[in-house]
Amino acid sequence: MTEKTSTDQVHAIAEGYTFSGPAIALGAALVDGQVHADAPVRLPLAMMNRHGLVAGATGTGKTKTLQLMAEQLSAAGVPVFLADIKGDLSGLSAPGTPNEKITARASDVGMDWSPASFPVEYYALGGDGTGVPLRARVSSFGPILLSRIMDLNETQESSLQLIFHWADQQGLELYDLKDLRAVITHLTSPEGKQSLAELGGLSKATAGVILRELVGLEADGMEKFFGEPEFDSKDVLRTASDGRGVISCLELPTVQTKPALFSTFLMWLLADLFTDLPEVGDVDKPKLVFFFDEAHLLFKDASPAFLDSILTTVRLIRSKGVGIFFVTQTPKDVPGDVLGQLANRVQHALRAFTPDDAKALKATVATFPVSPYDLSSVLTSAGTGEAVITVMNERGAPTPVAWTRMIAPRSLMGPAPADAMQAAVAASPGQATYGTPVDSPSAYEKLNARSAAPASTGGGDAEAQRIEDQITREPERREPERREPERARSAPRAADNPLLDVAASIAGQVGREFVRGLFGTRRRRR
């Protein structure tokens, strides 16, 4: 590349990444192997709800890019939700330690660097870790997402929907796994034979398969995640007293043993947010930015209907002010229809050791706008902490492709001290709300009461009635349910299913209306 051409490219990048509104700083452009501090690479805050992709091979700096973006979003007053796969992101709550490499990098990119800490709330699925326990009711999670965790086929998923429908019809609350197990056990028992026969399309053999899968979930320790108190997704939208956005950091120490639970929970959380949040259109800054790490786990072996629901979520949640950044190794891990919705790209280095790697490299290059860079060469030679970037500018057009040397995060690049994390969790208002599990009377207790009544003399009916009365009163003493905006009634659903509408109608007749949303998840309205 000639000197004149190099100068023109640097000027084009500098002009292309100059914005009138606030933006987060990513680094400075590299042209002909030299860093140009006069060509800073930034991402407009207003465009972060247009979604994005952070990709790259293991060890190329994806996690540090997440950390860098989360810090600046928090500083701008934007809440962040991210999953901490390796434990490194817990260091966001502690100031970084300056060293020669950090100082040299800051000097190279022409940006100031000083250590800083940020407000972090630590969470853990079902208490599997140090953080505040996150739980969801089985009824709220819904049969579609639950089928995904149990790896059910389409026939078995339809059968599980029938089981949920029957439980709704009978007024049997499904809060935890033992509630669902009790319902299936009842339907496959002599006492439930007639009820099973009335559920067209549900065989005893299929119900038995679902029951065995359910027992398997319990054996894997997943029963801790399902139950009460259920997590309120609005808690990830908080700001600290100083106006900075709270970073919700989900610990995942055992993600390799429960990948389906991890990825499916994140989709449940997004669907829940979609239901809660009002339409806002284009905003100066997003209401929340959601980093979906290990994104390949979400799409692996996903059914067409499930993928359609993911695409619907990505397309529509932008108008609710929520940005989603998928984090994975290569763009090919994300289906094309979803990838087409990701306007902001941060691509770290790729490796091309095998024929499959070479295909992935070629496919990745094809996703970028035309540029003077030889991207096949750049993407295989970029160093750790360097990335090829193009984002959406304030006019909605892609910026020039920029090989970028990223600036270092200001917080601790490693795990936070264990005692500091434990102290933060103990002092968290979330721990007071969600720390202690609750076992409310529900389907398990109600079915046990029904089966015990005939065997008792005199007091059996009274005892069964006492338990049913307690169940009826139970919602009144629990924390108030979250209310759903009226517009959510018209929100697109994963797939039209008449059983879901029937269930909502029946529940409404007894004073509790269950509203189905994305993925068939359910929210209760008073």
Q: Could you walk me through whether Ser158 and Thr155 pass side chain to side chain donor-acceptor pair (under 3.5 Å), step by step?
A: CA-CA 5 Å; Ser158 298; Thr155 300; over 6 Å; no
**Q.** Trace of the side chain to side chain contact (heavy atoms under 4.5 Å, CB included) decision for Arg450 with Gln170
**A.** CA-CA 12 Å; Arg450 289 181 183 178; Gln170 298 297 314; 4.0 Å; yes
Q: Start with the C-alpha distance between Leu298 and Phe306, add both sets of side-chain angles, then the distance that settles side chain to side chain contact (heavy atoms under 4.5 Å, CB included), and finish with yes or no.
A: CA-CA 10 Å; Leu298 176 66; Phe306 191 78; 4.0 Å; yes
Q | CA sep, side-chain torsions, deciding dist, call: Asp179, Leu172, side chain to side chain contact (heavy atoms under 4.5 Å, CB included) | A | CA-CA 8 Å; Asp179 288 326; Leu172 298 173; over 6 Å; no
Q: Apply side chain to side chain contact (heavy atoms under 4.5 Å, CB included) to Leu196 and Lys204, showing your working.
A: CA-CA 7 Å; Leu196 185 69; Lys204 185 174 182 178; 3.7 Å; yes
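The shortest side-chain heavy-atom distance between Leu53 and Leu339 falls under the 4.5 Å cut-off. A 4.5 Å side-chain heavy-atom check between Asn344 and His51 finds every atom pair outside the cut-off. With a 4.5 Å cut-off on side-chain heavy atoms, Asp337 and Pro335 do not count as touching. Counting heavy atoms from C-beta on, the side chains of Phe265 and Leu134 come closer than 4.5 Å. Counting only heavy atoms from C-beta outward, the side chains of Ser117 and Ser93 never approach each other to under 4.5 Å. Put simply, the side chain of Pro79 does not reach to within 4.5 Å of the side chain of Ser248, judged on heavy atoms. Side chains of Val246 and Val120 form no contact here, defined as non-hydrogen atoms less than 4.5 Å apart. Considering only heavy atoms from C-beta on, Phe291 stays 4.5 Å or farther from Thr65 through its side chain.
Every residue two or more places apart in sequence or in another chain was checked for a salt bridge (charged side-chain N to carboxylate O under 4.0 Å, His left out) with Arg351, and none qualifies. For Asp235, the salt bridge (charged side-chain N to carboxylate O under 4.0 Å, His left out) criterion is met by no residue, not counting sequence neighbours. Scored by the salt bridge (charged side-chain N to carboxylate O under 4.0 Å, His left out) test, Arg238 finds Glu121 as partners (sequence neighbours excluded).
Remark: side-chain polar atoms of Asn49 are paired, donor with acceptor, to backbone N or O of Arg318 under 3.5 angstrom. Remark: side-chain polar atoms of Lys62 are paired, donor with acceptor, to backbone N or O of Gly56 under 3.5 angstrom. Listed for the Lys320 side chain is no donor-acceptor partner under 3.5 Å among the backbone atoms of Glu279. Panel note: side chain Thr328, backbone Ala295; no donor-acceptor pair is recorded below 3.5 Å. Side-chain N or O atoms of Asp84 include none that pairs as donor or acceptor with a backbone N or O of Glu251 at under 3.5 Å. The main-chain N or O of Leu316 is found under 3.5 Å from a side-chain atom of Ser319 such that the two form a donor-acceptor pair.
Heavy-atom minimum distance, Ser159 versus Ile210: CB-CD1, 4.0 Å. Counting all heavy atoms, side chain and backbone alike, Val78 lies closest to Pro286 at CG1-O, 3.5 Å. Counting all heavy atoms, side chain and backbone alike, Pro133 lies closest to Gly435 at CD-CA, 4.0 Å. Shown here for Gly87 and Ser90, the closest heavy-atom pair between the two residues is O-OG, 2.9 Å. The two residues Glu71 and Pro409 have their closest heavy-atom pair at OE2-CB, 3.4 Å. Of all non-hydrogen atoms in Ala167 and Leu174, the two that sit nearest each other are CB-CD1, 4.0 Å.
Side chains of Ser203 and Thr206: a donor-acceptor N/O pair is present below 3.5 angstrom, by distance only. When only modelled atom types and interatomic distance are considered, Gln329 and Thr58 share a side-chain donor-acceptor pair under 3.5 Å. Side-chain polar atoms of Ser140 and Glu230 form a donor-acceptor pair below 3.5 angstrom. A side-chain donor from one of Gln67 and Ser411 sits under 3.5 Å from a side-chain acceptor of the other. Thr354 and Asp357 share a donor-acceptor pair across their side chains, judged by distance under 3.5 Å alone. A donor and an acceptor atom, one from each side chain of Asp88 and Thr63, are nowhere located under 3.5 Å apart.
Residues Arg137 and Glu228 are paired through a salt bridge, judged by an N-O separation under 4.0 Å between the basic side chain and the carboxylate. Contact check on Asp176 versus Lys178 returns a salt bridge, with a Lys/Arg side-chain nitrogen under 4.0 Å from an Asp/Glu carboxylate oxygen. By the 4.0 Å N-to-carboxylate-O rule, Glu218 lies close enough to Arg181 to be salt-bridged with it.
Ring centroid separation for the pair Phe290 and Phe325 does not come in under the 6.0 Å cut-off. The aromatic ring centres of Phe231 and Tyr123 sit less than 6.0 Å apart. Between Phe141 and Phe225, the distance from one ring center to the other falls under 6.0 angstrom.
Here Glu294 contributes atom CD and Lys86 contributes atom NZ; the two are 8.5 Å apart, rounded to the nearest 0.5 Å. To the nearest 0.5 Å, atom CG of residue Leu288 and atom CG of residue Leu270 are 8.0 Å apart. With values rounded to the nearest 0.5 angstrom, Leu202 atom CG is found 11.0 Å from Trp166 atom CH2. How far CG of Leu180 is from OG of Ser139: 10.0 Å, rounded to the nearest 0.5 Å. To the nearest 0.5 Å, atoms CG (Leu89) and CE (Met413) are separated by 12.0 Å. Of the inter-residue distances, the one linking Glu213 atom CD with Leu146 atom CG reads 10.5 Å to the nearest 0.5 angstrom.
Ring geometry, Phe299 versus Phe326: the interplanar angle falls from 30° to 60°, so the pair is classed tilted.
The side-chain contact (heavy atoms from CB on, under 4.5 Å) with Leu160 is formed by just one residue from the set Leu152, Leu214, Ile144; it is Leu152.
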